[in-house]
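First comes the structure, then the notes that go with it.
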Amino acid sequence: TLHGILFDRPHVLPRNRLEELGADDRWELAPGNFFESVPKADIYVLKYIMHDWHDEEAIRILRCCREAMAPGGRVLVMDPVIPPGNTPHTGKILDLISMTIYDEGRERTEEELRLLFAEADLRVTRIINTGFYISIVEAVAN
Ligand SMILES: C[S@@+](CC[C@H](N)C(=O)[O-])C[C@H]1O[C@@H](n2cnc3c(N)ncnc32)[C@H](O)[C@@H]1O
């Protein structure tokens, strides 16, 4: 009974692979710009999205989700959550790669992520450790 919306830039969507599922009314494509608005939904899955952007842009994306989300909705950010201290973490290597290739993105600590959510009137409810180097950060409306 789940229904999914793949939201991306108009020139990117034609390269989606959902078509491989065949005629299927469980999903739809929605072209747009997440700095302007996003479709109404119950859950927003932002995988490898926030870490592409500076804080200001990342907050703008979260605010668009906050404005569009259905009552009781949730935002799920899937990115590395950098642990405190000098412990090894694959997210730190990704951070170095981002810094050397382009200057837009960055990996963030839990505290940094909580601040971004708060700026978008969202509250972090849990951080799910996936056993992989990305975690799922769940947030709801304040
Ligand atoms: C790093 S990819 C992540 C894709 C996918 N979530 C994944 O995990 O493989 C970032 C995605 O954000 C999309 N994107 C970039 N700017 C956008 C915008 N302004 N509005 C909507 N999507 C955008 C890109 O086209 C790209 O598909």
Side-chain angles (χ1 to χ4, degrees), residues 1-84 87-142:
T1 58
L2 290 179
H3 183 85
I5 303 169
L6 177 61
F7 179 83
D8 210 309
R9 303 296 290 144
H11 65 281
V12 176
L13 283 180
R15 285 185 276 150
N16 82 85
R17 298 187 60 185
L18 287 167
E19 313 281 353
E20 291 172 17
L21 295 173
D24 193 327
D25 61 8
R26 289 175 303 167
W27 54 267
E28 67 181 278
L29 305 176
N33 179 352
F34 52 41
F35 294 119
E36 293 172 358
S37 65
V38 297
K40 183 175 179 181
D42 298 311
I43 297 180
Y44 294 86
V45 179
L46 307 180
K47 177 169 156 279
Y48 292 143
I49 300 294
M50 300 274 284
H51 81 159
D52 283 348
W53 303 98
H54 286 308
D55 287 356
E56 197 180 305
E57 286 90 2
I59 292 167
R60 216 175 325 146
I61 295 167
L62 290 177
R63 280 193 184 141
C64 281
C65 296
R66 172 68 185 87
E67 279 166 23
M69 78 197 317
R74 279 179 277 173
V75 178
L76 304 180
V77 164
M78 299 186 185
D79 269 335
V81 177
I82 301 298
T87 47
H89 192 276
T90 307
K92 294 179 179 178
I93 297 167
L94 282 182
D95 206 22
L96 283 173
I97 293 171
S98 300
M99 272 192 273
T100 51
I101 297 176
Y102 60 110
D103 88 329
E104 295 283 347
R106 48 167 307 190
E107 308 302 340
R108 296 181 171 91
T109 62
E110 176 181 338
E111 195 185 345
E112 289 166 337
L113 284 166
R114 283 183 186 276
L115 289 173
L116 294 191
F117 280 109
E119 288 289 327
D121 193 28
L122 291 162
R123 174 172 51 87
V124 173
T125 40
R126 58 184 171 146
I127 299 183
I128 302 164
N129 182 338
T130 62
F132 188 50
Y133 66 84
I134 61 172
S135 298
I136 305 174
V137 185
E138 179 193 75
V140 297
N142 252 330

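Please read all numbers here as calculations on a predicted model, not as lab measurements. Remember, it's 1-based here, ligands and their atoms both numbered in the order they're listed.
Nearest protein heavy-atom neighbour of atom 27 (O) of ligand 1: Asp8 OD2, 2.6 Å. The nearest heavy-atom contact from the protein to atom 18 (C) of ligand 1 is Arg9 CD, 3.2 Å. The protein atom (non-hydrogen) at minimum distance from atom 20 (N) of ligand 1 is Phe34 N, 2.9 Å.
Here the straight-line distance linking atom CZ of Arg17 with atom CD of Glu20 works out to 4.0 Å at 0.5 Å rounding. Taking CD1 from Ile61 and CD from Glu56, the interatomic distance works out to 11.5 Å, rounded to the nearest 0.5 Å. To the nearest 0.5 Å, the span separating CG on Asp79 from CD1 on Ile49 amounts to 8.5 Å.
Within the 4.5 Å cutoff, the side chain of Glu110 has no heavy atoms near those of the Val124 side chain. Using a 4.5 Å heavy-atom threshold, the side chains of Glu19 and Leu29 count as touching. Proximity of Ser37 to Glu67: side-chain heavy atoms (C-beta onward) are nowhere separated by under 4.5 Å. Side-chain contact check for Asp121 versus Arg63: every heavy-atom pair is 4.5 Å or farther apart.
Here is the list of ligand 1 atoms found below 4.0 Å of a heavy atom in Gly32: 20 (N), 21 (C). In summary, the atoms of ligand 1 found under 4.0 Å from a heavy atom of Asn33, numbered by their order in the structure, are 18 (C), 19 (N), 20 (N). Each of the following atoms of ligand 1 lies closer than 4.0 Å to a heavy atom of Phe35: 19 (N).
Here's the thing with Trp53: none of its N/O atoms is less than 3.5 angstrom from an N/O atom of ligand 1. Ligand 1 has no N or O atom lying under 3.5 Å from any N or O atom of Tyr48, backbone or side chain. By the 3.5 Å distance cut-off applied to N or O atoms, Val12 is not counted among the residues near ligand 1. Backbone and side-chain nitrogen or oxygen atoms of Lys47 are examined, and one is located within less than 3.5 angstrom of a nitrogen or oxygen of ligand 1.
With Ile61, Ile49, Asp52 as candidates, the residue nearest to atom 12 (O) of ligand 1 on a non-hydrogen basis is Ile49.
Here the shortest heavy-atom pairing between His51 and Glu107 reads ND1-OE2, 2.8 Å.
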